[in-house]
S.K.: 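Would you mind keeping the following structure in view while I ask a few things?
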Amino acid sequence: MARTYLDTGRPIFALATAPGRAALAVIRVSGSSALERCDRCFSGLRPLSDARGYSLLHGFLVDPDSGERIDEVVASIFRGPRSFTGEDSVEFSCHGSPAVASRALAALERTGMSPALPGEFTFRAFINGKTDLVRAEAIAELAGAQCESARADALSRLSGTLSSEYASLRDAMLDLLAEIEARLDYPEEEGPDEADAAGAPSPAQPGLAVLASCEARLERLSRSYLGGRLRQEGALVVVAGRPNAGKSSLFNLVTREERAIVSPEPGTTRDWLEAWIEIGGYAVRLVDTAGLRRAEGGVEAEGVRRSLDLSGRADVVVYLADGRAGLSSEDEEFIARHPGTIKLWNKIDAPDCLPAPRGGGWLPVSAKKGDRLDSLEAALKKRLDSLAAGGDGGASSGEIRLASERQKILVDRCLESARRAREGAAAGLPLDAIALDLREAAGFLGEITGEIAGEEVFDRIFGSFCLGK
Ligand code: GDP
């Protein structure tokens, strides 16, 4: 039967660096008896199992059966529980060739250790109480960070800012729940004095202020997801416009790659091209769409359909109009359908370029010469900043943001239950009904951090990690 994350009996090993040629390849091993088993593959001044935690040993990785040397390595020793996984662990820094890595991994497997599942080291850290699920997800987010904003947010989550917010919300709810349950158990102890005391909840309105504050904090967290996701995963920016408007020229210029087809014949760019670039600290997936000409059937019509579909899904659309041809009804139609579009009036270098329409917010540029393209960059950065801030006053820079869809779904469920509890309390519903909603809300927070979580959650979360994490 296939191993699962919960099979924690055997030590695991994996290549922790990307496969291929590099200066170093790091192989990670973790688990009880990991050091003893690794000793069968290690030849140095001392056995690994004699080494103290946080020490380095120089030596050779060897074939456990023949004793043949595989590579000269440095082994970093970590002793549980003071290790990342909480278990005894070794990291071998080997030479970074695929040949070394494959021989070394095969040797380790022959000592009876198991190849790690994706994210299994982090899972063991979680199961051994070294991290919660929120910080475990932050590890994957940090490893996948493509741009500065993603790195900064993921590191903040890894250091526990988001986990503390969840824990503090859950504590507030559990305290209130304890208070309500005490009242349910000892109703005769409710006195009029208690109800009147400043800030103290009356029996009919248990902890209204606490509930309202939890609700507001949960709303803030929920709203932060849009910006958090954008900062983590990057923004989809679609370059649209009629055929010949200059989309491919702009795409080429921005990406500084000659990957888009530049042709004077309309309709040459039939599908879209894309490239990842960084603008103002954000990862941007820049997409050059097919021309938006109304075409009858065939490849081009499909291209147009897909480009319209992409524009609909874009975080930001950059629309080019051909300044030499002037504004067409198709241009106007598109813009009316895509509010918030950044509009470029292209080809200003051409002597026959018409003046940009007044008052429409058109930015005059030349995609061919690169004139005034800084205005596009500034407009894009401004739009991305506003989206990342949640557009309508969500988390601003430096605030706690979540980027995990799993967490967002649970935060929204928690918010729903917390709201029901607050509304119930305000309407004077029986205490046990309020307690039910509150318990449910606290449960969702426990699921987020992993205090309450099942195996399928582990598979989903850790299964998306890279090997060796
Ligand atoms: P697309 O169909 O929107 O991708 O347009 P292209 O980028 O293929 O450009 C179509 C034609 O317009 C080509 O001949 C380009 O050289 C020309 N073109 C694009 N941008 C400019 C510009 O800023 N100035 C001038 N003068 N010509 C341009």
Side-chain angles (χ1 to χ4, degrees), residues 235-277 279 284-338 340-358 360-380 383:
L236 174 62
V237 175
V238 168
V239 181
R242 298 177 62 229
N244 240 6
K247 297 178 296 298
S248 306
S249 306
L250 180 77
F251 180 85
N252 278 347
L253 198 81
V254 174
T255 59
R256 310 217 186 282
E257 281 182 33
E258 294 298 315
R259 289 210 298 146
I261 307 151
V262 185
S263 154
E265 283 166 45
T268 322
T269 313
R270 296 196 189 278
D271 211 333
W272 70 77
L273 290 170
E274 61 178 62
W276 282 93
I277 52 171
I279 290 185
V284 165
R285 182 182 156 210
L286 187 71
V287 174
D288 172 15
T289 61
L292 290 178
R293 203 173 55 162
R294 285 202 186 90
E296 307 272 313
V299 181
E300 193 174 301
E302 173 61 11
V304 170
R305 191 196 62 73
R306 288 165 82 183
S307 94
L308 276 171
D309 177 51
L310 261 175
S311 303
R313 287 192 284 124
D315 294 300
V316 183
V317 177
V318 174
Y319 191 85
L320 275 95
D322 184 342
R324 296 173 73 185
L327 205 61
S328 72
S329 58
E330 279 170 70
D331 294 331
E332 281 173 312
E333 250 173 57
F334 183 93
I335 284 159
R337 255 190 293 157
H338 298 84
T341 294
I342 296 178
K343 291 170 279 183
L344 302 183
W345 190 255
N346 191 29
K347 309 194 183 179
I348 54 165
D349 63 291
D352 57 348
C353 182
L354 300 163
R358 287 179 159 234
W362 290 91
L363 303 173
V365 297
S366 165
K368 192 170 182 174
K369 298 271 162 65
D371 296 344
R372 320 262 300 258
L373 277 183
D374 48 346
S375 64
L376 167 62
E377 246 183 86
L380 258 176
R383 191 61 53 78

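All values below come from the heavy atoms of this structure, side chains included, with hydrogens, waters and symmetry mates left out. Ligands are counted one by one from 1 in listed order, and the atoms in each one are counted from 1 as well. If you read the sequence from its start, that first residue is 1, and numbering goes on from there.
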S.K.: Run the numbers for me: atoms of ligand 1, each under 4.0 Å from some heavy atom of Asp349, listed by number.
M.R.: 22 (C), 23 (O), 24 (N), 25 (C), 26 (N)
S.K.: Ala245 heavy atoms, cut-off 4.0 Å: which ligand 1 atoms fall inside?
M.R.: 3 (O), 5 (O)
S.K.: Taking the non-hydrogen atoms of Ala367, is any one of them nearer than 4.0 angstrom to ligand 1?
M.R.: yes
S.K.: To which of Arg324, Lys347, Lys369 does the heavy atom nearest atom 28 (C) of ligand 1 belong?
M.R.: Lys347
S.K.: Do any pairs count as a side-chain hydrogen bond (donor to acceptor under 3.5 Å, both in side chains) and have a residue in residues 345-357, sequence neighbours left out, and if so which ones?
M.R.: Asp322-Lys347, Arg324-Asp352, Asp349-Ser366
S.K.: Hey, which atoms in ligand 1 end up nearer than 4.0 Å to a heavy atom of Arg242?
M.R.: 3 (O)
S.K.: Are side-chain heavy atoms of Ile335 and Tyr319 found at a separation under 4.5 Å?
M.R.: yes
S.K.: So which heavy atom on Asp288 is nearest to which on Ser248, and how close?
M.R.: OD2-OG, 3.2 Å
S.K.: I need the contact type for Pro243 against ligand 1. Using non-hydrogen atoms and a strict under-4.0 Å cut-off, is it side chain, backbone, both or neither?
M.R.: backbone
S.K.: Closest approach of Ala240 and Val317, non-hydrogen atoms and distance?
M.R.: CB-CG1, 4.2 Å
S.K.: Is any side-chain heavy atom of Val287 less than 4.5 Å from a side-chain heavy atom of Val239?
M.R.: no
S.K.: Tell me whether Gly246 has any N or O atom under 3.5 angstrom from an N or O of ligand 1.
M.R.: yes
S.K.: Hey, does Glu377 have a side-chain heavy atom less than 4.5 Å from the side chain of Leu380?
M.R.: no
S.K.: Show the atoms of ligand 1 that are less than 4.0 angstrom away from any heavy atom in Ser249.
M.R.: 6 (P), 7 (O), 9 (O), 15 (C), 19 (C), 20 (N)
S.K.: Need the ligand 1 atom indices (1-based, order shown) with element for anything under 4.0 Å from a heavy-atom of Lys247.
M.R.: 1 (P), 2 (O), 3 (O), 4 (O), 5 (O), 7 (O)
S.K.: Which one of Asn244, Asp322, Val365 has a non-hydrogen atom at the shortest distance from atom 2 (O) of ligand 1?
M.R.: Asn244
S.K.: Of the listed options (Leu344, Asn346, Asp288), which comes nearest to atom 20 (N) of ligand 1 when hydrogens are ignored and any heavy atom counts?
M.R.: Asn346
S.K.: Within the structure provided, determine whether Val318 and Leu250 are in side-chain contact (heavy-atom separation under 4.5 Å).
M.R.: yes
S.K.: I'd like to check the side chain to side chain contact (heavy atoms under 4.5 Å, CB included) partners of Pro364; sequence neighbours left out, ordered by chain and number.
M.R.: Ile348, Arg372
